Number of protein chains: 2
Amino acid sequence: MEQENFHFSDHNHENCKSAIIKTAEKRCEENGVRFTRQRRMVLEILAESHQAIGAYDILERFKPNAKSRTAPVTIYRALDFLIENNLAHRLSSLNAFVACSTTHNGLDAQFLVCKKCQYVAELSTNSLHKAIHKEAESAEFTVTSPMIEIRGICSTCKKS
Amino acid sequence: MEQENFHFSDHNHENCKSAIIKTAEKRCEENGVRFTRQRRMVLEILAESHQAIGAYDILERFKPNAKSRTAPVTIYRALDFLIENNLAHRLSSLNAFVACSTTHNGLDAQFLVCKKCQYVAELSTNSLHKAIHKEAESAEFTVTSPMIEIRGICSTCKKS
DNA sequence: AATGAAATGTTATTATGTTACATAAACATT
DNA sequence: AATGTTTATGTAACATAATAACATTTCATT
């Protein structure tokens, strides 16, 4: 079992996990895409925690429950699917992935990434969204996918 | 010769290049660190353009002027040095590097990255800096190194 | 010249991600 | 149910990015 770090005292992660899966089922239904066994398994692995996890680590956790031998490309394909459907995000600064845990309502995602515990808090704030688009606009730049990964130390790690 | 794309009509890149090297000489002097032949060569390669360039591409351009055979680690060591001394930046979203082309004055760096031409505009704006730190603060998060890479299409590419 | 610290050389290895092509499962149409 | 089509998965090899470990050289200072 990896490091546990529940940063919100009121955070019931079991609920959180099942909410992520339910959202996925619903969105796939709506979008007319298939939430297959493998895609579900990868999302479940991601949803186990709010820590970023690398593709090869996902692979290791995937193998025990796989029906046959599994290659990296299987994981990457599932991740591509999840990311396309906004069910997961890639953190470039870590070469790692997290389940999407917020609704974005058309706003960009932003991440607070703790260097110590790898905990990832997902934000989607209007103020940052606006600031980014305003700056881009004044450079006549058309934003498609901002990558906002704010690295630092979370409050829990700071205390210890 | 790689794709040229001078986005500023008033941008004399020869001046820009030599300014980058001059800044590096000065800063290394001040910091009491050595601006060696290899470090200079790597920075010169980066300063050739405002496009992001990968370590192995740098290596290819490095080899012709190298005194002996050169391995990847040589490039990475030079890059580490340049980044530590704020003379270059790593763009995580591209696994690539650019010469630092602005003064930051204590503000975080932000990048506008064109997906089409790989052109990188380096910003260091107060408004984005503030927005980031404000959001982090309200999550009791201590920022150390924000990674702000705004991907999209630059004005030049949009026209074409 | 002798010393110690920083920089570089050399080789191998690890980590991350993709290509190409074969097979199979799901879906729609007859 | 049989057929063809699309979508998903299996399999193996490959490509790209980055680091580890240890030997050697360079440089500034004694």
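Reckoned from all heavy atoms, side chains included, excluding hydrogens, waters and symmetry mates. Note that the coordinates shown come from a computational prediction; the quantities given were computed from them, not determined experimentally.
Between the NZ atom of K67(A) and the P atom of dA8(D) there is a distance of 16 Å, given to the nearest Å. Rounded to an integer number of Å, the gap from CZ of F81(B) to P of dA5(C) is 20 Å. Taking atom CD of Q38(A) as the reference point, atom P of dT23(C) lies 18 Å away to the nearest angstrom. Separating the CD1 atom of I75(B) from the C1' atom of dA7(C) is a distance of 14 Å, rounded to the nearest angstrom. The nearest whole Å value for the distance from the NZ atom in K63(B) to the C1' atom in dG9(C) is 14 Å. Atom CG in D80(A) sits roughly 16 Å away from atom P in dT16(C) (whole-Å rounding). Counting to the nearest Å, the P atom of dT16(C) and the CD1 atom of I58(A) are 11 Å from each other. Taking atom CG of residue D57(A) and atom P of nucleotide dT16(C), one finds them 7 Å apart after rounding to whole Å.
Ion pair E25(B)/R40(B) flagged as a salt bridge, since at least one NZ, NE, NH1 or NH2 atom sits closer than 4.0 Å to an Asp/Glu carboxylate oxygen. A salt bridge links K17(A) with E14(A): the closest approach of a Lys/Arg side-chain nitrogen to an acidic carboxylate oxygen falls below 4.0 angstrom.
For Y76(B), whose side chain is taken as the heavy atoms from C-beta onward, the closest listed nucleotide among dT19(C), dA17(D), dC27(D) is dA17(D). Comparing dT11(C), dA18(D), dG10(D) by their nearest atom to the side chain of V73(B) picks out dT11(C). For A71(B), whose side chain is taken as the heavy atoms from C-beta onward, the closest listed nucleotide among dA18(D), dT8(C), dT11(C) is dT11(C).
A donor-acceptor contact under 3.5 Å links the side chain of Y56(B) to the base of dA18(D).
As judged by a 4.0 angstrom heavy-atom cut-off over every strand, S68(B) is placed among residues touching the sugar-phosphate backbone only. Among the atoms of the strands shown, base atoms are found under 4.0 Å from some heavy atom of R77(A). Across all strands shown, R39(B) has heavy atoms under 4.0 Å from sugar-phosphate atoms exclusively, and none from any base.
For dT9(D), the OP1/OP2 oxygens have a side-chain nitrogen or oxygen of T36(A) closer than 4.0 Å. Contact between the side-chain N/O atoms of N95(A) and the OP1/OP2 oxygens of dA15(C) is not found at any separation under 4.0 Å.
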Legend entry - Derivation of the side chain to side chain contact (heavy atoms under 4.5 Å, CB included) call for I75(B) and V42(B): CA-CA 7 Å; I75(B) 305 300; V42(B) 169; 4.2 Å; yes
Legend entry - Stepwise side chain to side chain contact (heavy atoms under 4.5 Å, CB included) test for I148(B) and M147(A): CA-CA 6 Å; I148(B) 312 298; M147(A) 321 267 296; over 6 Å; no
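Taking the ring centre of F81(A) as origin, the terminal cationic atom of R39(A) falls inside the region bounded by 6.0 Å and 45° from the ring axis.
In terms of position along DNA chain D, the nucleotide closest to F97(B) lies nearer the 5' end than the nucleotide closest to the other residue of the pair F97(B) and R34(B). The residue among R69(B) and V33(B) whose nearest nucleotide of DNA chain C lies closer to the 5′ end is V33(B). Both P72(A) and P72(B) lie close to DNA chain D; mapped to their nearest nucleotides by heavy-atom distance, the more 5′-ward contact belongs to P72(A).
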